[in-house]
K.L.:
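The following block contains the structure, expressed as structure tokens.
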Amino acid sequence: MEIEKEVKKITLGHEVGAGAACLKCKDKCEGFELHFWRKICRNCKCGIEDHDVQLQTEESQKVGRLFEDTKYTGLIAKLKKDGVPSYRSNQVTISVTAPAIGTAVPIPATAAATVYPAITPTPTAPAATTGPSGTSAPNRGVPSGPAAPSGTSTHNRGVPSGPAALSATSAPNRGVPSGTATPFAASAPTHGVPSGHAATTPAQPSAASPAATVMPAAVPAKTNVVKAITYDWAPPGVNQSLALRYMELLPPEQRPIAGTQGAGYRKKQMAKQLPEHDQDPTRCHELSPAEVKQMEQYIRKYKDEALGMGDLTLPEEMVTLAESAGALGPQALEAGAAGDKAAVGKAGMPGAPGAVCSGNYVCHHCQKVMQQGDPAVYAERAGYDKLWHPACFVCCTCKELLVDMIYFFKKGQLYCGRHYGDSEKPRCGGCDELIFSNEYTQAEGQNWHLKHFCCFDCDCVLAGEIYVMENDKPVCEPCYMKNHAVRCAACLKPIEPEAQRVSYGEHHWHADPQCFLCSGCSKCLMGQRFMALQGKLLCSVECKKKVLAS
């Protein structure tokens, strides 16, 4: 019965994403098929994160297991029926109000509506600066030409010449050209009108007046646009404005906006930085009972000593935050409350590691002074004397942004889960798992399980065999000759890995007299000067002319 459960677990695990298209290889990959013990596709050798696989459920369960039995259990939902906790990834939709591009929408005039009665000032009429009573709406910047009357006060700036529809909000207009009056239903003092011309209302057209039609109803222009932006993840436990400002301080290509490059970046980093086989023995390949026990001890250790999630705060609130957590001594608190240049926690001048002053807040990563009012990241395990810019909260090894602000802290450094594991245990270059066995091998600058030092193409064991490193992966000689070897430009045969060869640009030759010779006179060119022309070797200009003539 137990064996059946294990087989079912392995089968279901390998069904995840089966057949999904590869985003890197496109049509060259037949679809995702997980290798039995490598964490890659059997068809194209790419990882599951490079395929079009929806992993929200798997990711939430992975991070849920990570935070299970820790002080961060508030980040995970209640246990499901199957006993697997789910991570509250905090997907949020934020409404952003953006200013309108324009404040009025011109309405195309028809042929019948292109002629209007002339508007001329009446010399005997008193100068008037206001129209009929109503809400004041001074006009600025209206180009010459008659304008359509508005039902309400409007702000118009930069409206094209000719009839224009006016917006539904008030907008002063300045710079109305002389000789042209702009009628309004509401009072509208004009500014910048040359003396001698007063703003008047147009006279009603008489029978002798040119034909004129009523202007179309004005279409109110939007003064602001509300856009909803969905983030696959946002910092939990902070107000929306602080979370939005945090996102704005990240590099644009790393903002986890749904359906964008930033969301894809987060997906890849979630898989790379937090390998599920680093935290769950059941995701590893054939661990012995002793190895399972060691791995469980390793997991318990990092949960107790290293794992954490960054929090957002304003730099100016750091003293209050540290005080509430009891992280400061009385002298530091008194100095901070008095506004002195006293360091919170470790003392230091701005620019020194660990310096967080009540007057100047210094990023622990880039050593630049932080701007008050901008959110900063702090890590509880690092202490309240350290702050980071949002874009500076990165792994000390890979320099990548820590996905969802999940960090591992060790000896004063921030790590992602992968590189924290690498600092604790050797990692197998074949299966990508941490090695908990006392027996393993080292080759080509990497560590390997004894059973996993295999050909990357056919999985045959390479112990005592000839192999070639191809893209940092070991390949047996037959697979190398079949899949990777370059061909000699002379004999067109693949060049053996142990054979000497000569390369020039994209062309290669066996380094022997039968292949490395002049195409014109068959002279051996080993150790001689030569020229290459379209993959052909030539010893002299005469041979070049001879070859070109043939």
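The figures that follow rest on heavy atoms only: side chains count, while hydrogens, waters and symmetry mates do not.
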K.L.:
Testing the 3.5 Å rule here: is there a donor-acceptor pair between the side chains of Y265 and E400?
P.N.:
yes
K.L.:
Please report the shortest heavy-atom distance between V394 and L402, naming the atom on each side.
P.N.:
C-CG, 3.8 Å
K.L.:
At their closest point, which heavy atom of E470 faces which heavy atom of V475, and how far apart are they?
P.N.:
CB-CG2, 3.9 Å
K.L.:
Has the side chain of W233 got a donor or acceptor atom that lies under 3.5 Å from a matching backbone atom of P256?
P.N.:
no
K.L.:
Going by an N to O cut-off under 4.0 Å, is there a salt bridge joining K62 and E59?
P.N.:
no
K.L.:
Is P375 close to L249 at the side-chain level, that is, under 4.5 Å between some pair of heavy atoms?
P.N.:
yes
K.L.:
To the nearest 0.5 Å, tell me how far T313 OG1 sits from Y361 OH.
P.N.:
9.5 Å
K.L.:
Do any N or O atoms from the side chain of E291 and from the backbone of S288 form a donor-acceptor pair under 3.5 angstrom?
P.N.:
yes
K.L.:
State, with a plain yes or no, whether a side-chain heavy atom of C46 is found less than 4.5 Å away from one of C25.
P.N.:
yes
K.L.:
Would you find more than 12 non-hydrogen atoms of other residues, nucleotides or ligands less than 6.0 Å from Q261 atom CD?
P.N.:
no
K.L.:
Give me the atom names and distance for the closest heavy-atom approach of C41 to H51.
P.N.:
CB-CE1, 3.7 Å
K.L.:
Out of H277, E49, E276, E433, which one pairs with K39 under the side chain to side chain donor-acceptor pair (under 3.5 Å) rule?
P.N.:
E433
K.L.:
Where do R65 and D280 land on the salt bridge (Lys or Arg N to Asp or Glu O under 4.0 Å) test, with the steps shown first?
P.N.:
CA-CA 8 Å; R65 286 191 295 267; D280 187 355; 3.6 Å; yes
K.L.:
Does R266 come within less than 4.0 Å of D404, counting only side-chain N to carboxylate O?
P.N.:
yes
K.L.:
Working to the nearest 0.5 Å, report the span between CD of E317 and CG of L314.
P.N.:
4.5 Å
K.L.:
Any salt bridge between D278 and R418, counting N to O under 4.0 Å?
P.N.:
no
K.L.:
Taking the ring centre of each residue, are H285 and F36 less than 6.0 Å apart?
P.N.:
yes
K.L.:
Check the pair N447 / R427 against side chain to side chain contact (heavy atoms under 4.5 Å, CB included), numbers first and verdict last.
P.N.:
CA-CA 6 Å; N447 304 297; R427 186 178 297 276; over 6 Å; no
K.L.:
Does atom CG of N239 have more than 12 heavy-atom neighbours from other groups under 6.0 Å away?
P.N.:
yes
K.L.:
So, R38 side chain and C431 main chain: donor-acceptor pair closer than 3.5 Å or not?
P.N.:
no
K.L.:
Between F408 and Y302, is the side chain to side chain contact (heavy atoms under 4.5 Å, CB included) condition met? List the steps.
P.N.:
CA-CA 8 Å; F408 292 74; Y302 73 61; 3.5 Å; yes
K.L.:
Apply side chain to side chain contact (heavy atoms under 4.5 Å, CB included) to residues K71 and E380 and explain how you reach the verdict.
P.N.:
CA-CA 12 Å; K71 60 187 294 184; E380 186 178 2; 3.1 Å; yes
K.L.:
Kindly say whether D422 contributes a backbone atom to a donor-acceptor pair with the side chain of K425 at under 3.5 angstrom?
P.N.:
no
K.L.:
Looking only at side-chain N and O atoms, does D374 offer a donor or acceptor that is under 3.5 Å from a partner on H389?
P.N.:
no
K.L.:
For residues V362 and K368, determine if any side-chain heavy atom of one lies less than 4.5 Å from a side-chain heavy atom of the other.
P.N.:
no
K.L.:
Does K268 form a salt bridge (Lys or Arg N to Asp or Glu O under 4.0 Å) with D50? I'd like the steps, not just the answer.
P.N.:
CA-CA 8 Å; K268 289 187 177 182; D50 295 316; 3.5 Å; yes
K.L.:
With rounding to the nearest 0.5 Å, note down the distance linking CD in Q273 to SG in C398.
P.N.:
5.5 Å
K.L.:
Looking at every heavy atom in both Y231 and M247, which two are closest together, and how far apart are they?
P.N.:
CE2-CG, 3.6 Å
K.L.:
Under a 4.0 Å N-O cut-off, is there an ion pair linking R381 with E305?
P.N.:
no
K.L.:
Using a 4.5 Å cut-off on heavy atoms from C-beta on, say whether the side chain of D304 contacts that of T70.
P.N.:
no
K.L.:
Does any donor atom in the side chain of D459 or H35 lie under 3.5 Å from an acceptor atom in the other side chain?
P.N.:
yes
K.L.:
Any side-chain heavy-atom pair from D232 and I257 closer than 4.5 angstrom?
P.N.:
no
K.L.:
Is atom CD of E30 surrounded by more than 12 heavy atoms (other residues, nucleotides or ligands) closer than 6.0 Å?
P.N.:
no
K.L.:
Test side chain to side chain contact (heavy atoms under 4.5 Å, CB included) on H484 and D457; report intermediate values, then the result.
P.N.:
CA-CA 10 Å; H484 306 285; D457 288 358; 2.9 Å; yes
K.L.:
Return the CD to CG distance between Q279 and L307, rounded to the nearest 0.5 Å.
P.N.:
9.5 Å
K.L.:
Please determine whether a side-chain nitrogen of the Lys or Arg among E68 and K303 lies less than 4.0 Å from a carboxylate oxygen of the Asp or Glu.
P.N.:
no
K.L.:
Are H365 and W388 an aromatic pair by the rule of ring centers under 6.0 Å?
P.N.:
no
K.L.:
Using 0.5 Å steps for rounding, measure from the CD atom of Q446 to the CG atom of D472.
P.N.:
6.0 Å
K.L.:
Measure from NZ or CZ of K45 to the centre of the six-membered ring of F456 and say whether it is under 6.0 Å with the direction within 45° of the ring axis.
P.N.:
yes
K.L.:
State yes or no: are the ring centers of Y415 and Y407 separated by less than 6.0 Å?
P.N.:
no
K.L.:
Taking NZ in K410 as the centre, count heavy atoms belonging to other residues, nucleotides or ligands within less than 6.0 Å. Is the count above 12?
P.N.:
yes
K.L.:
Considering only heavy atoms from C-beta outward, does the side chain of Y246 approach that of M405 to under 4.5 Å?
P.N.:
yes
K.L.:
State, with a plain yes or no, whether a side-chain heavy atom of M370 is found less than 4.5 Å away from one of C363.
P.N.:
yes
K.L.:
Is the closest side-chain heavy-atom distance between Q240 and V92 below 4.5 Å?
P.N.:
no
K.L.:
Are any of the side-chain nitrogens in K451 or E286 under 4.0 Å away from the carboxylate oxygens of its partner?
P.N.:
yes
K.L.:
Quick one: closest heavy-atom pair of C416 and H419, and the distance?
P.N.:
SG-ND1, 3.1 Å
K.L.:
Closest heavy-atom contact between G373 and E316?
P.N.:
N-OE2, 3.2 Å
K.L.:
Starting at NE2 of H452, measure out to CD1 of I435 and round the result to the nearest 0.5 Å.
P.N.:
9.5 Å
